[in-house]
Chemist: 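Structure in structure tokens, see below.
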There are 2 protein chains.
Amino acid sequence: MNLSIAEENYIKSIYKLEEEGQEAVSTNALASELDTKPASVTDMAKKLKEKKLIEYEKYQGINLTADGKKAALSIIRRHRLWECFLVDKLAFSWEEVHELAEELEHVRSEKMTNRLSEFLGNPQIDPHGDPIPDAQGKMGKPRAHTPLHKTKAKRLEVVAVSDKSTALLEFLNAKGIRLGTQLDVIERYEFDNSIELKIRNQPAFTISEQVSKNIMVKPI
Amino acid sequence: MNLSIAEENYIKSIYKLEEEGQEAVSTNALASELDTKPASVTDMAKKLKEKKLIEYEKYQGINLTADGKKAALSIIRRHRLWECFLVDKLAFSWEEVHELAEELEHVRSEKMTNRLSEFLGNPQIDPHGDPIPDAQGKMGKPRAHTPLHKTKAKRLEVVAVSDKSTALLEFLNAKGIRLGTQLDVIERYEFDNSIELKIRNQPAFTISEQVSKNIMVKPI
DNA sequence: CCTTTTATTTAGATTTACCTAAACTTTATT
DNA sequence: AATAAAGTTTAGGTAAATCTAAATAAAAGG
Ligand SMILES: [Mn+2]
Ligand SMILES: [Mn+2]
Ligand SMILES: [Mn+2]
Ligand SMILES: [Mn+2]
């Protein structure tokens with residue numbers, strides 16, 4: 001099954017949207033995820049169905065087949081390993097690596113991927129806290145996928161971020177929030193669902209619901 | 001100047017053929033270097049001329065402009081740095097890295113390239129003995145470009161190989177020839193220009209002119 | 001210098017991945 | 001249930017990078 005770069009990007013996005021809970025991935029959702037037009041998605045859906053990577057019936061949305069899932073996990077493995085490489089070895093910061101990994105992920109070589117993993121010490125999570133599928137395509141469940149805005153606990157540790165945009169990650173940098181950061185919830189404001197937080201030895205600050213939705217936490 | 005992958009591969013091949021001495025690079029030579037058809041080369045030549053990366057007049061062959069040369073050196077820098085990475089950090093052997101670097105070279109990020117170089121200790125030559133252009137696009141002259149079949153000296157050191165095919169490199173592996181290997185020329189046979197060689201503590205062996213043309217040496 | 005051979009270009013197709021605009025389905029709202 | 005709105009697909013096009021076959025130009029050989 002030899003996939004083009006475009007096909008790989010589609011497969012990865014379908015995987016992402018399925019994982020986010022979409023029962024069947026809609027044409028519009030995919031188009032907006034891939035920053036393309038719905039008509040283009042329909043075209044590609046026909047091609048991926050032909051290749052048996054997705055199930056697709058007109059107007060019924062898209063789902064990955066077992067083969068499609070396998071392909072997705074392999075792409076995601078490469079993506080996340082390269083992100084680790086860029087952060088751990090080339091000293092990039094977490095907001096810089098996603099775009100680069102978006103390209104590096106398309107160099108397909110199992111040997112290189114496995115050697116890279118080994119070189120990095122077989123990391124289990126990438127710089128945004130997402131789990132890295134192993135060579136067999138098995139991915140550890142996200143260590144916690146409770147977003148900050150949905151937890152009741154008062155003392156929390158940041159385990160992942162779900163949005164990898166430079167905008168969000170730079171905001172978090174500015175506030176001193178990174179993976180492993182421990183947070184105290186001072187107050188939740190019902191009006192706009194904003195949350196007041198405190199990090200030890202620092203002044204408290206408030207974040208919007210938009211932000212808190214994208215911070216994955218576990219209680220400590 | 002944003003180049004497609006195809007354009008980058010053309011630029012790199014033109015650079016290579018010019019370096020090998022072609023005054024003006026011919027359509028056929030480029031086609032065979034790129035494993036494509038002459039008609040496709042003509043099409044691309046028009047496009048690259050439009051972008052001012054080459055000088056080209058119908059039937060007159062192709063030459064890189066200053067801009068074209070700059071682009072070529074930047075691609076070659078990335079290619080060779082990735083080859084170093086694969087050999088030095090991921091323990092690949094020299095015959096495995098060219099194809100992978102052929103893809104990795106197209107991920108364009110000056111920051112990543114420079115960080116990679118630094119991470120590798122700013123290497124000056126790649127695993128095949130070719131010099132690596134620096135961040136400013138300056139490339140050290142090949143340390144020696146005397147091919148074995150043209151030298152008179154009896155005691156030699158291997159400094160580079162000019163053909164990067166798996167076939168040649170595996171042959172050299174089998175004979176114990178790598179960068180830095182010291183060779184004694186035992187005999188030159190005029191009939192077929194084959195050469196009998198000896199490496200210290202090993203039995204002598206003979207190589208064809210085909211092979212000796214691709215081994216770059218310096219006297220010691 | 002004329003002719004044959006070789007090299008190169010043009011013309012016309014094809015494939016992939018897009019796009020816009022129009023048509024059609026599904027779903028939501030009165 | 002009828003209609004409006006939203007979502008999706010089709011039809012028809014474009015641009016990039018290929019290709020084959022035919023035409024044309026350059027080079028080589030007598
Ligand atoms: Mn990422
Ligand atoms: Mn990608
Ligand atoms: Mn190479
Ligand atoms: Mn390449």
Side-chain angles (χ1 to χ4, degrees), chain A residues 1-14 17-18 20-64 68 71-72 75 102-103 105-106 108, chain B residues 1-14 17-18 20-64 68 71-72 75 102-103 105-106 108:
Chain A
M1 201 65 57
N2 230 27
L3 303 184
S4 69
I5 291 177
E7 289 168 335
E8 285 198 338
N9 286 333
Y10 271 86
I11 291 291
K12 195 156 58 92
S13 290
I14 296 165
L17 294 175
E18 275 189 357
E20 283 174 7
Q22 307 231 170
E23 202 42 63
V25 175
S26 75
T27 304
N28 266 356
L30 240 191
S32 111
E33 174 69 26
L34 283 160
D35 200 18
T36 182
K37 294 293 182 294
S40 308
V41 171
T42 301
D43 284 351
M44 183 61 93
K46 289 175 186 162
K47 195 147 45 106
L48 294 176
K49 182 188 182 178
E50 201 54 47
K51 295 196 175 190
K52 299 193 192 307
L53 294 165
I54 62 171
E55 276 150 30
Y56 166 65
E57 296 301 332
K58 265 192 194 186
Y59 296 105
Q60 300 314 127
I62 293 171
N63 285 104
L64 292 176
I75 305 161
E102 204 55 50
E103 305 192 39
E105 69 188 356
H106 301 293
R108 261 152 283 155
Chain B
M1 199 65 57
N2 231 27
L3 303 184
S4 69
I5 291 177
E7 288 168 335
E8 286 198 337
N9 286 332
Y10 271 87
I11 291 291
K12 195 155 59 90
S13 291
I14 296 165
L17 295 175
E18 276 189 356
E20 282 173 6
Q22 308 231 169
E23 203 42 63
V25 175
S26 76
T27 306
N28 267 357
L30 239 191
S32 111
E33 174 70 26
L34 283 160
D35 199 20
T36 183
K37 295 290 182 294
S40 308
V41 172
T42 301
D43 284 352
M44 184 61 92
K46 288 174 187 163
K47 197 149 43 109
L48 294 176
K49 182 187 182 179
E50 202 53 47
K51 293 195 175 192
K52 298 194 194 308
L53 295 166
I54 62 171
E55 276 149 32
Y56 167 66
E57 295 301 332
K58 264 194 197 187
Y59 297 104
Q60 300 314 127
I62 293 171
N63 285 104
L64 291 176
I75 305 161
E102 204 56 49
E103 304 191 40
E105 69 188 357
H106 301 293
R108 260 151 286 158

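The sequence lines fix the lettering, A, B, ..., with proteins before strands; numbering per chain opens at 1.
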Chemist: Specify the residues of residues 24-33 of chain B, ordered by number, for which at least one heavy atom lies under 4.0 angstrom from an atom of DNA chain C.
Modeler: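 Here the set is S26(B), T27(B), N28(B).
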Chemist: Can you name the atoms? Protein N/O to nucleotides 20-28 of chain D N/O, anything below 3.5 Å, with the distance.
Modeler:
| unit_1 | atom_1 | unit_2 | atom_2 | d |
| --- | --- | --- | --- | --- |
| dA25(D) | O4' | Y59(B) | OH | 3.2 |

Chemist: Run the salt bridge (charged side-chain N to carboxylate O under 4.0 Å, His left out) test against E7(B) and tell me which residues pass, sequence neighbours left out.
Modeler: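 Checked E7(B) against salt bridge (charged side-chain N to carboxylate O under 4.0 Å, His left out); matches are K47(B), K51(B).
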Chemist: Rounded to the Å, how far apart are E7(A) CD and dT15(C) P?
Modeler: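 Answer to the nearest Å: 15 Å.
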Chemist: To the nearest Å, how far apart are L3(B) CG and dA15(D) P?
Modeler: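 Roughly 20 Å, once rounded to whole Å.
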Chemist: Considering residues at least two apart in sequence or located in another chain, which fulfil the side-chain contact (heavy atoms from CB on, under 4.5 Å) criterion with A6(A)?
Modeler: S4(A), M44(A)
Chemist: Roughly how many Å is it from CG in N2(A) to P in dT15(C), rounded to a whole number?
Modeler: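 Whole-Å distance recorded here is 18 Å.
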Chemist: Can you tell me the distance, in whole Å, between the CE atom of M44(B) and the C1' atom of dT10(C)?
Modeler: 18 Å
Chemist: Are Y56(B) and dT9(C) close enough that a side-chain N or O sits under 4.0 Å from OP1 or OP2?
Modeler: yes
Chemist: Please list, chain by chain and in numerical order, all residues satisfying side-chain hydrogen bond (donor to acceptor under 3.5 Å, both in side chains) with D43(B), sequence neighbours excluded.
Modeler: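 Listed in chain order: nothing, the list is empty.
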Chemist: Is the phosphate of dC18(C), meaning OP1 or OP2, less than 4.0 Å from a side-chain N or O of Y10(A)?
Modeler: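 Yes, such a contact exists.
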Chemist: Can you name the salt bridge (charged side-chain N to carboxylate O under 4.0 Å, His left out) partners of E33(B), sequence neighbours left out?
Modeler: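 In terms of salt bridge (charged side-chain N to carboxylate O under 4.0 Å, His left out), with neighbours along the sequence ignored, E33(B) is linked to K16(B).
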Chemist: Starting at CG of L34(B), measure out to CG of L17(B) and round the result to the nearest 0.5 Å.
Modeler: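 Answer for the CG-CG pair, L34(B) versus L17(B), is 8.0 Å.
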Chemist: Got a sec, which residues hit side-chain hydrogen bond (donor to acceptor under 3.5 Å, both in side chains) with N28(B), two or more places apart in sequence or on another chain?
Modeler: none
Chemist: For I5(A) and G61(B), take the nucleotide of DNA chain C holding the closest heavy atom to each; which residue's nucleotide lies nearer the 5' end?
Modeler: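 The residue whose closest nucleotide sits nearer the 5' end is G61(B).
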Chemist: Looking at K46(B), does any N or O in its side chain come under 4.0 Å of the phosphate oxygens OP1/OP2 on dT10(C)?
Modeler: yes
Chemist: To the nearest Å, give me how far apart CG (D35(B)) and C1' (dT18(D)) are.
Modeler: 12 Å
Chemist: Using whole Å, report how far CG of D43(A) lies from P of dC19(C).
Modeler: 10 Å
Chemist: Taking all atoms of both residues into account, what is the closest heavy-atom pair of E105(B) and E102(B), and its distance?
Modeler: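 Minimum heavy-atom separation between E105(B) and E102(B): OE2-OE2, 2.8 Å.
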Chemist: Output all residues satisfying salt bridge (charged side-chain N to carboxylate O under 4.0 Å, His left out) with E103(A), sequence neighbours left out; order by chain, then residue number.
Modeler: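 Result, salt bridge (charged side-chain N to carboxylate O under 4.0 Å, His left out) vs E103(A): none returned.
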Chemist: Please identify each residue that fulfils side-chain contact (heavy atoms from CB on, under 4.5 Å) with E57(A), with sequence neighbours left out.
Modeler: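 K49(A), Q60(A).
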Chemist: CD of Q22(B) versus C1' of dA7(C): gap in Å, rounded?
Modeler: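 To the nearest whole Å, that distance equals 13 Å.
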Chemist: For dT10(C), does OP1 or OP2 lie under 4.0 Å from any side-chain N or O of T42(B)?
Modeler: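 No, because none of the side-chain N or O atoms of T42(B) sits under 4.0 Å from OP1 or OP2 of dT10(C).
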Chemist: Can you check the E57(A) CD to dT26(C) C1' distance for me, whole Å?
Modeler: 16 Å
